[in-house]
Each structure stands twice: as C-alpha cells, then as structure tokens.
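To start, the structure itself, in structure tokens.
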Number of protein chains: 2
Amino acid sequence: MATIYQVSELAGVSLATVSRVMNNNVRVSEATRNKVLAAMEQLGYRPNSIAQSLASNRSNSIGILVSELHGPFYGEMLTGIEAEFRAAGKHVIIAAGHSERVTEEDGIEFLLSRNCDALILHVEAVSDQFLIELSKQETPFVLLNRQVEALADRCISLDNELGGFLATDYLLSQGHRHIAYIAGPMWKTDARDRFRGHQRALAGYQLAAEDKLFYEGDFRETGGSKGLQALLASGRPFSAVVCANDEMASGALTAARELGYEVPADFSVMGFDNVNFAYYTYPKLSTIDYPISAMGHMAARWVLKQVYKQSSIAVQQVFDPHLIARDSVAEATIT
Amino acid sequence: MATIYQVSELAGVSLATVSRVMNNNVRVSEATRNKVLAAMEQLGYRPNSIAQSLASNRSNSIGILVSELHGPFYGEMLTGIEAEFRAAGKHVIIAAGHSERVTEEDGIEFLLSRNCDALILHVEAVSDQFLIELSKQETPFVLLNRQVEALADRCISLDNELGGFLATDYLLSQGHRHIAYIAGPMWKTDARDRFRGHQRALAGYQLAAEDKLFYEGDFRETGGSKGLQALLASGRPFSAVVCANDEMASGALTAARELGYEVPADFSVMGFDNVNFAYYTYPKLSTIDYPISAMGHMAARWVLKQVYKQSSIAVQQVFDPHLIARDSVAEATIT
DNA sequence: GCTATAAATGAAAGCGCTTACATAATACTA
DNA sequence: TAGTATTATGTAAGCGCTTTCATTTATAGC
C-alpha cells in the first residue's frame, strides 16, 4: 500500500502538502493540488485511517451500544444511525448490551477502549449514577430512549407517557370502559411511563386502573400470552386490553385465538412500537408508532453537531408517538 | 489519559517492558509484571488501540457489509457475528450495501479504507469478477450466503437447492400435486437455487414446474400478494403455493385472506427462511429454517481462524436447511 | 569461581500520518 | 522598487504504541 511519503515523492512536494490536499482545508495552489491528486491516482493511494487517527487524535468512529442486534426495533435504529454517519464518512462500531448491567458496562468500556469519538447508548440496565459518572470522562455520548434529568441535553427520547395516553385514549374514544393492561417490566422507565399515560387517559374519563386488570409482563411474546390468560382468569370482564409493546400484543392475539376468542369481536387489543411484524399479525395490530429510525438519525446528528462541530445541523430531542389504527381494535359493543 | 510511558515511569521499567506485560506473550518476571500491573491500575491506564494498531499493523477490526441493518434476517446474522468477535476482543465495523452494486462497492471501499483486518461480505449485486479481483488484494474476506466457484474456500453458504427441494417435497408428501411457485428475483443465485430444488422435488414425482404456476416476485411482501393474485388469475388450479421467502409468503397469506380464501383449507402456503415473524402470521407459517445466526458465527470463526490464526477453531462452510412444519400447510384433499 | 547459556530488560527505530513553526514565493502598497 | 502583508510550501516534532537488537542479569555446568 502506498504511503503519503511515496505520493509526495512522485508529486515532487513535501509530506505536509500531500496531507493538506487530503484534508483540503488549508489553501494549496491549484497546480500542486493537481500534481498531488495525479500522483495519488497513479499510486492507487488510500490514506491509512489508523495513522490519521493517531496523529489527529480523532478516530472518526462512533461507538453504538444497543440491547440487541436482532429484533425489529434495533435494526431500524441502526439503519438510521449508519446511514447518517456513512454519509459523513464516519464509521460505526457496534456492541450489544443484552439489557444486563454487567454486559452494558463492559460494552461501554469496550467501546471506550476503541477510542471512539463519541458513543450512542441505548442502555437499560445501567444506573443513572453510572451515566453521570461517565459524562465526566472525556468521551461524549448521547442517550437514546432514556431520560436522565442531569443529562437532559444528551437525551433523545420518545414521550412514552404520551404514547401510553394515546393508546388508551383511543380505546376510550371507541367506547371501551373496561380496559385491561399488560405492562412491561416496571423497573424499566419506558414501561412505567407508558403505564402512567394509560392512567392519565383513564382519569380523563373519570376512570382508574384496576389491579385486577393489570398484569406485569416482560415485553416478550410469552408475557403477552400469559398476561392475557391471567387477565381472563381474574374473572373481571374487559372489552379491551392494551399491551405495552407489540411483542406482547402478538402473544395476546395468539393466546386469544387459542382460547377461542376472536379479536376484535370479543375484545380489542392495542400494541405499542409499531414494529414491522405488527403488520403481519392477524388481525393487523393497531398500535402506537415509535419513530425509532428517525430517532436513530437524530442521535447521529447530535454527534455530528456536538462532536464534529457541524453546527448547521438541527437536533430534535423529544419525539412524539402517534396512533396507528389497524384491525385489532373495534368499537365497544354496548355493555 | 495515561500513556504507556507514564506507566513505565511509575513502575520504574522501560516502555518495552510495559508493552510486554500488556501483550503477555514474552516472558516477564513475576515481580516486574506485578509492578507494572499495579502502576496501570493506579493510573487507570487503558491502552490506546489506535496506537497499537498503527504500530502492529493490526486494527483488530472486522468490516461487515450486509444488505440492510433492519429486517429479521440481517439482525440475526449480525448478532452471531458480534457475539463471536466480542468474545475475542475484536470489533466490528458495519456498513449497509442495500443490494445495489454501487453502494456495495462503495461499502467495501469504505471498510477497506478503515484498515479492517478482514471483511465479512453479504453482497448480492456485485459481480463474481469483482470479488475475484478483490481477493487479490491483501485484505482477506469471507462471503456469506454466496457461492463463487473460484473462491470456494471463502464461502459460507446455505444449500438453497436443498431447501427448495425440502419445501416442495414436503408439499408433495402431503399429497399436493398442483403446486404453484412464487420465486425471488431470478438474477439472485439463491432465488434460482431454490427454484431448482423445487424442480428436482417435482421431478422425483414425475412432475414438472408449469409456467402458468410460476411467478417471479421480489422477495418482498407485495411480491407475494401480487404473485398470489396472478396465480389465481391464471385460472390454473393449484392446492399449494411455495414462496421463495417468508416475506412473500406473508404477502400471499394476506392476499388470500382478503380475496376470501382460507389457508390452509383452500390451499397451503410454504415460506422460506424462518424469520421471526413467520411465527406471528396467521396461520403460523410452515417454512424452511435458514440457520443464519449459526452461519454468522461461522463467518466470524473463519476470520478468527484464517486471519488471527486461532488454529483450533473448526469451520463449517455449507449449512443445511431443514423443514419447519407449522400451520399453513395441510394435507391435500382428494382432487 | 569462572565461563557458557538462557532469561529478562532496555534503547531506539519506526508505523503513516497531522500540524506548529519556519521559510520561500508572490502580491500589494506607496 | 524597497518594504510589508499574504499565500504557498517545507521541516520536523510528535501521536502511543510494537518490535528488533543489544545489553544486562540470573542460572547452570564443571
């Protein structure tokens, strides 16, 4: 592989000049620039990004920590992030945190040791305190899908409370008054926020959430099916069930069918997230759209702006969910 | 950030010694090793991986090019790859090729310029010739899900022909004799291979594929729904349709429902890939399992073995698909 | 105890760039 | 046209490591 030195020799200029035309920031005369370009071309020169990084103290790489690499959710997110950085000539180093504290902390450490210029973190298990400590180190980071008061300026998040509200409010507007709720793990903020939105919507109709119509699931399919069974077993009648995410909603749909119920004739089901398969379920799932791809883009832009000083970029930090009405919700029949 | 130099000073040894304990390959006396370790600990030293790479001419990073980052398929693949490398302390740089020649070539160039030690390529649009040329450059690569004769030792692929055979053979064994086929884009090798398998299975029963029962789709949902409509419109009766992937199968399922048909009562549907949502469709899709996560692992291990010389690792290059029988296929009623 | 050998450590030269800083070339002013 | 301000280019000192080779120190053999 040709080095900058060979290029400089061929072009008959100094190392510095070659470097200058590469970074075309400083003025170089047209004549020499062309000579250098020609030499590069001729040698098939490709800059050594490692050497560039060492010398400039910039790795041009951004570390991404997501919970999982598979699953409908993270894929969308990564797509948004990669597209943005690729266009900017930066690259992305990816690690998975698996929603566990130790793995997440290790992942961050791993990314840090890779000299990333910045980190985009989608962490769930790590404590706020840990993140606050981390913010004191030199590597900047954005938090995706997490709200930490003290780090508000680096958070990009969805208004989960609003989403929760929208879901239940929609059901209420369709005449439902007995609404069951299958929550996510309540140690997760988003699970809690969504439930709060649910409560607020109920309150708007002078209603309150009932313990008997509440089940704490795990954000996974089985959580939804078990949840539905538990709800049904409680003996408390309901005409609709809102699930805190689409996986659980799908589980609920399957369980309903297996138990001989028909959705939405017997009861309605709402999901949350609008992941790709929500469209493949039967009936097609009514849900709340989570603009995760857009949020991924935005996280990348935050980095471009804050770290690479591309000041013209605008950054939006809080995103609003919105309702996607499909086939799993029907009007309540008179109770 | 502390450097190796400060560590060496604190420990009262030379740079070289510190470097040696870091790479703990050369003999260092217990006493000095402990002194150095203590000094590192005390300074919170973390090696600068960029400098290491420059000096050692190893970036410890592997470039991955996939068609998309989202979608059920690639996520699984990436998970397998990441897990393997993370455990080995290597990291992964990811780019998306979007199934287009130019983007794929750009992506490879991008990864190459990042000084990756090796590449894992899941490319579709790039020519065999391009890959053969690429193989002459110094950066080694594996091909995932692609079979190039001249590069056979670097290919990790699924026996698609066998998969195609399995799908149709299963239908035949269930008594179906009029089997329609919705293919992928026939310029893709896997689409062609799957179809060949279909033909071979038919031949086993003295049958042949009929033009009227063939539709070339695009591997996407709409391809499946349009395909089913076209097939139905052809007027040629069939009791089963095999789709070259699950997305199209799902599209076919939806179209069938919308047109008033019931699956599998009116006709059976087979998918291919066994992506996550195949489980969420209604009826649950019978399909062919594509062990993509295992193949991702294997690609990573190929790199570990060939590039990082971890000779103890065993590598499997061709994987066999197998049948997943769920609910979308029923026995043929007497015709 | 003295030499031959092996083991542990140090000195120093890069790896391929960036970037002050110094210098040379050119343009502008009066 | 000398004097100054600009602009273009070159020189060389790192960036933080690895690694070869030389040197020192310990170990063993007789």
Side-chain angles (χ1 to χ4, degrees), chain A residues 1-40 43-61 89 112-117 138-139 308-309, chain B residues 1-40 43-61 89 112-117 138-139 308-309:
Chain A
M1 196 77 246
T3 73
I4 199 178
Y5 180 71
Q6 299 169 40
V7 173
S8 77
E9 262 193 331
L10 215 191
V13 299
S14 74
L15 288 188
T17 303
V18 177
S19 173
R20 287 185 187 108
V21 350
M22 282 175 44
N23 301 293
N24 60 227
N25 35 14
V26 192
R27 292 155 298 210
V28 179
S29 75
E30 263 319 290
T32 37
R33 155 164 281 121
N34 289 144
K35 271 192 303 187
V36 171
L37 258 18
M40 285 180 169
L43 291 170
Y45 171 75
R46 183 189 292 143
N48 179 323
S49 62
I50 301 280
Q52 288 179 313
S53 297
L54 184 60
S56 65
N57 199 26
R58 266 287 160 76
S59 68
N60 286 313
S61 66
L112 249 22
S113 79
R114 251 41 236 210
N115 297 74
C116 295
D117 293 338
E138 61 263 63
T139 308
Y308 297 112
K309 306 301 177 197
Chain B
M1 195 79 245
T3 74
I4 199 179
Y5 180 71
Q6 299 168 40
V7 174
S8 77
E9 260 192 334
L10 214 190
V13 298
S14 74
L15 288 188
T17 303
V18 177
S19 174
R20 286 186 187 108
V21 351
M22 282 175 43
N23 302 293
N24 61 225
N25 35 16
V26 193
R27 291 156 299 207
V28 179
S29 75
E30 263 319 289
T32 37
R33 155 164 282 122
N34 289 145
K35 270 193 303 188
V36 171
L37 257 20
M40 286 179 167
L43 291 170
Y45 172 76
R46 182 189 291 143
N48 180 323
S49 63
I50 301 279
Q52 287 180 313
S53 296
L54 183 60
S56 66
N57 198 28
R58 266 287 160 78
S59 68
N60 285 312
S61 66
L112 249 22
S113 79
R114 248 45 232 209
N115 296 76
C116 294
D117 293 337
E138 60 264 64
T139 308
Y308 298 111
K309 306 303 177 196

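First the proteins, then the strands, lettered A, B, ... as listed; each starts at 1. Because the structure is predicted, anything quoted here is derived from the model rather than measured.
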Practice problem: Take atom CG of B/Asn57 and atom P of C/dG14, then tell me their distance rounded to the nearest Å. | Solution: 16 Å

Exercise. Take the C1' atoms of the five end pairs on each side of the helix from C/dG1-D/dC30 to C/dA30-D/dT1, derive the two axes, and give their angle rounded to 10 degrees.
Key: 30°

Quiz item: Which nucleotide, C/dT9, D/dT18, D/dT11, lies nearest any side-chain atom of A/Ser14?
Solution: D/dT11

Exercise. Pick base, sugar-phosphate or nothing for B/Thr32, based on heavy-atom distances below 4.0 Å to the nucleic acid.
Key: sugar-phosphate

Practice problem: Counting heavy atoms from C-beta on, name the nucleotide in D/dC17, C/dG16, C/dT18 closest to the side chain of A/Thr3. | Solution: C/dG16

Self-check item: Protein-nucleotide distance (A/Ile50, atom CD1; D/dG16, atom P), rounded to Å
Solution: 15 Å

Quiz prompt | Minimum-distance nucleotide to A/Ala16 side chain [options: D/dT19, D/dA12, D/dC17] | solution = D/dA12

Exercise. Scan B/Asn48 against the nucleic acid and name what it touches under 4.0 Å (heavy atoms): base, sugar-phosphate only, or nothing.
Key: sugar-phosphate

Self-check item: Minimum-distance nucleotide (side-chain atoms of B/Gln52 versus D/dC15, D/dT18, C/dT18)
Solution: D/dT18

Self-check item: Spacing between B/Arg58 atom CZ and D/dG16 atom P, to the nearest angstrom
Solution: 23 Å

Quiz item: Rounded to whole angstrom units, what separation is found between the CZ atom of A/Arg20 and the P atom of C/dA20?
Solution: 11 Å

Quiz item: For A/Tyr5 and C/dT18, what is the distance between atoms OH and C1' respectively, to the nearest whole Å?
Solution: 17 Å

Practice problem: Output the single nucleotide from D/dT9, C/dC17, D/dT18 whose closest atom is nearest the side chain of B/Ala55. | Solution: D/dT18

Practice problem: Identify whether any heavy atom of B/Ser29 sits under 4.0 Å from a base atom; if not, whether one sits that close to sugar-phosphate; answer base, sugar-phosphate or nothing. | Solution: sugar-phosphate

Exercise. Check whether any side-chain nitrogen or oxygen of B/Tyr45 sits under 4.0 Å from OP1 or OP2 of D/dC17, and answer yes or no.
Key: yes

Exercise. Let me know the distance between NZ of B/Lys35 and C1' of C/dG10, rounded to the nearest Å.
Key: 13 Å

Quiz item: Which part of the nucleic acid, if any, lies within contact of A/Thr17, taking any heavy atom under 4.0 Å across all strands shown: a base, the sugar-phosphate backbone alone, or nothing?
Solution: sugar-phosphate

Quiz item: Are B/Leu37 and B/Met40 close enough that some pair of their side-chain heavy atoms sits under 4.5 Å apart?
Solution: yes

Practice problem: Kindly give the heavy-atom pair with the smallest separation between A/Tyr308 and A/Asp117, and that separation in Å. | Solution: OH-OD2, 2.6 Å

Exercise. Side chain of B/Val13 only, please: which of D/dG16, C/dT18, C/dG10 is the nearest?
Key: C/dG10

Self-check item: Whole-Å gap separating C1' (D/dA13) and CG (A/Leu54)
Solution: 13 Å

Exercise. Just compare C/dC17, D/dC17, D/dT11 and give me whichever is closest to any side-chain atom of A/Ala51.
Key: C/dC17

